[in-house]
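Presented below is the structure to which this report refers.
Quantities reported herein were computed from a predicted structural model and do not represent experimental measurements. All chains are named by letter (A, B, ...) in the order of the sequence lines, taking the proteins before the strands, and each is independently numbered beginning at 1.
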Number of protein chains: 2
Amino acid sequence: MRKETPEAAGEQDALQLGELSDLLGYVLKRAQLKVFEDFLRCVGSLQLTPAQFSVLILLEKNPGRNQTEIANTLGILRPNFVAMLDGLESRDLCTRMRSTSDRRSHILVLTDKGRAVLQRAKKLVASKHEARLNELLGPTNRAALLSMLSKISREF
Amino acid sequence: MRKETPEAAGEQDALQLGELSDLLGYVLKRAQLKVFEDFLRCVGSLQLTPAQFSVLILLEKNPGRNQTEIANTLGILRPNFVAMLDGLESRDLCTRMRSTSDRRSHILVLTDKGRAVLQRAKKLVASKHEARLNELLGPTNRAALLSMLSKISREF
DNA sequence: CGAAATTTGATATGCTTCATAACAATTATT
DNA sequence: AATAATTGTTATGAAGCATATCAAATTTCG
């Protein structure tokens with residue numbers, strides 16, 4: 001077994017990233033993977049993925065909405081949202097209720113358990129996940145980062 | 001057909017994102033999708049995905065490396081890199097050459113066509129893709145954004 | 001040296017995400 | 001009333017991502 005250093009398995013010398021280090025999309029993707037990874041570490045004990053967490057947050061802030069509305073604002077396609085809701089509903093985190101005004105649509109509501117899990121998740125995210133980012137970047141930089149990313153999401 | 005405004009299909013009022021707008025992972029993912037989308041618009045005429053583009057860049061800056069080394073630095077698992085290389089090789093953009101020093105490994109080399117396509121891709125990326133980002137953020141902000149994202153990739 | 005362990009590229013496989021077409025039930029349009 | 005559109009759903013396929021396994025080649029080390 002050749003093991004020169006504890007890490008760097010497979011490379012003898014570090015490779016040159018070249019213009020990749022200046023390619024925003026590349027750095028963005030790498031950072032996003034890291035952040036999601038840490039999210040799962042922090043909130044994984046509640047068995048919540050980032051996508052599921054985002055759904056619960058939206059249900060809490062927007063009561064009375066149906067599947068299409070929630071899915072659309074999250075960029076989830078309606079067909080793919082069905083299985084996702086099945087999962088949340090089977091764990092009793094939310095419920096589909098037939099709308100009385102439009103019997104085609106399902107109004108989505110958080111259950112008490114869903115609300116409780118969401119509160120715990122929010123605390124984990126704030127105290128572990130976002131806190132670690134704050135420590136790494138500092139509050140000012142973190143705010144600037146969020147602002148620029150939001151701008152890209154909206155206007156790019 | 002009820003069509004109040006040209007856009008916003010499916011929602012009557014915009015939903016509240018709530019704490020999602022302050023969740024770095026959420027904003028990061030949305031921004032990343034937008035950037036990749038634009039990358040494909042700009043360089044799609046060359047039939048290059050972001051991942052393929054990153055491979056070609058790495059091959060150019062790191063001649064004489066094998067599949068494991070290239071895949072590892074890009075975070076691609078070796079099994080998944082095989083089909084990717086098959087695609088690039090079938091389009092005559094790169095070649096696998098058996099190493100003379102280690103007959104297990106394949107040295108990856110850019111073909112002339114691969115080099116030419118890469119140059120054209122780089123120009124498209126610089127003149128259309130990154131230029132648009134520069135216009136949106138400004139050079140200073142863009143540099144700060146890159147710096148913070150790199151820091152997250154490395155140290156988070 | 002020579003047996004055992006490791007590495008490399010590859011195949012098979014499964015899971016998750018993402019995208020499209022189509023359908024029944026219901027509602028809106030005209 | 002007839003037609004079109006919307007909602008949730010199913011089926012389906014492509015793409016990304018992960019693991020186990022394999023043969024060939026190399027390295028390690030008794």
Item to check | Side chain Arg103(A) and base dT26(C) donor-acceptor under 3.5 Å | outcome: no

Checklist entry - Taking atom types as modelled, is there a side-chain donor on Arg91(A) or Gln47(A) under 3.5 Å from an acceptor on the other? => result no

Within this structure, what is the [atom1]-to-[atom2] distance between [X] and [N], rounded to whole angstrom?
X        : N       : atom1 : atom2 : answer
Leu85(B) : dG16(D) : CG    : P     : 14 Å
Phe36(A) : dC17(D) : CZ    : P     : 13 Å
Glu69(B) : dT7(C)  : CD    : P     : 13 Å
Asn72(A) : dT7(D)  : CG    : P     : 8 Å
Asn66(B) : dA25(D) : CG    : C1'   : 13 Å
Phe81(B) : dA10(C) : CZ    : P     : 10 Å
Arg78(A) : dT17(C) : CZ    : C1'   : 17 Å
Leu48(B) : dA15(D) : CG    : P     : 15 Å

Item to check | Nearest-nucleotide comparison on DNA chain C, the residue closer to the 5′ end among Ser105(B) and Asn80(A) | outcome: Ser105(B)

Item to check | First encountered from the 5' end of DNA chain C, between Ser99(A) and Gly75(A) | outcome: Gly75(A)

Should [X] be listed as having a side-chain N or O under 4.0 Å from OP1 or OP2 of [N]?
X        : N       : result
Arg98(B) : dT8(C)  : no
Lys29(A) : dG16(D) : no
Arg96(A) : dT9(D)  : yes
Gln67(B) : dA10(C) : yes
Thr68(A) : dT6(D)  : no

Next on the checklist: Any base atoms under 4.0 Å from Asp102(B), or only sugar-phosphate, or nothing? Heavy atoms, all strands.
Outcome noted: sugar-phosphate

Checklist entry - Within the distance-only criterion (no hydrogens, no angle test), does the side chain of Glu69(B) pair as donor or acceptor with the backbone N or O of Leu15(A) below 3.5 angstrom? => result no

Next on the checklist: Side chain of Arg104(B) only, heavy atoms from C-beta on: which candidate in dG9(C), dG8(D), dT26(D) is closest?
Outcome noted: dT26(D)

Checklist outcome for this item: Side-chain atoms of Val82(B) come closest, of dT9(D), dA10(C), dA25(D), to dA10(C)

Item to check | For Asp22(A), all residues meeting side chain to side chain contact (heavy atoms under 4.5 Å, CB included), sequence neighbours excluded | outcome: Leu146(B)

Item to check | Residues in side chain to side chain contact (heavy atoms under 4.5 Å, CB included) contact with Leu40(B), at least two apart in sequence or another chain | outcome: Pro50(B)

Checklist entry - Considering heavy-atom distances to DNA chain D, does Pro79(A) or Leu77(B) have its closest nucleotide positioned more toward the 5' end? => result Pro79(A)

Checklist outcome for this item: Rounded to the nearest 0.5 Å, the CZ atom of Phe156(B) sits from the CD atom of Glu37(A) at a distance of 9.5 Å

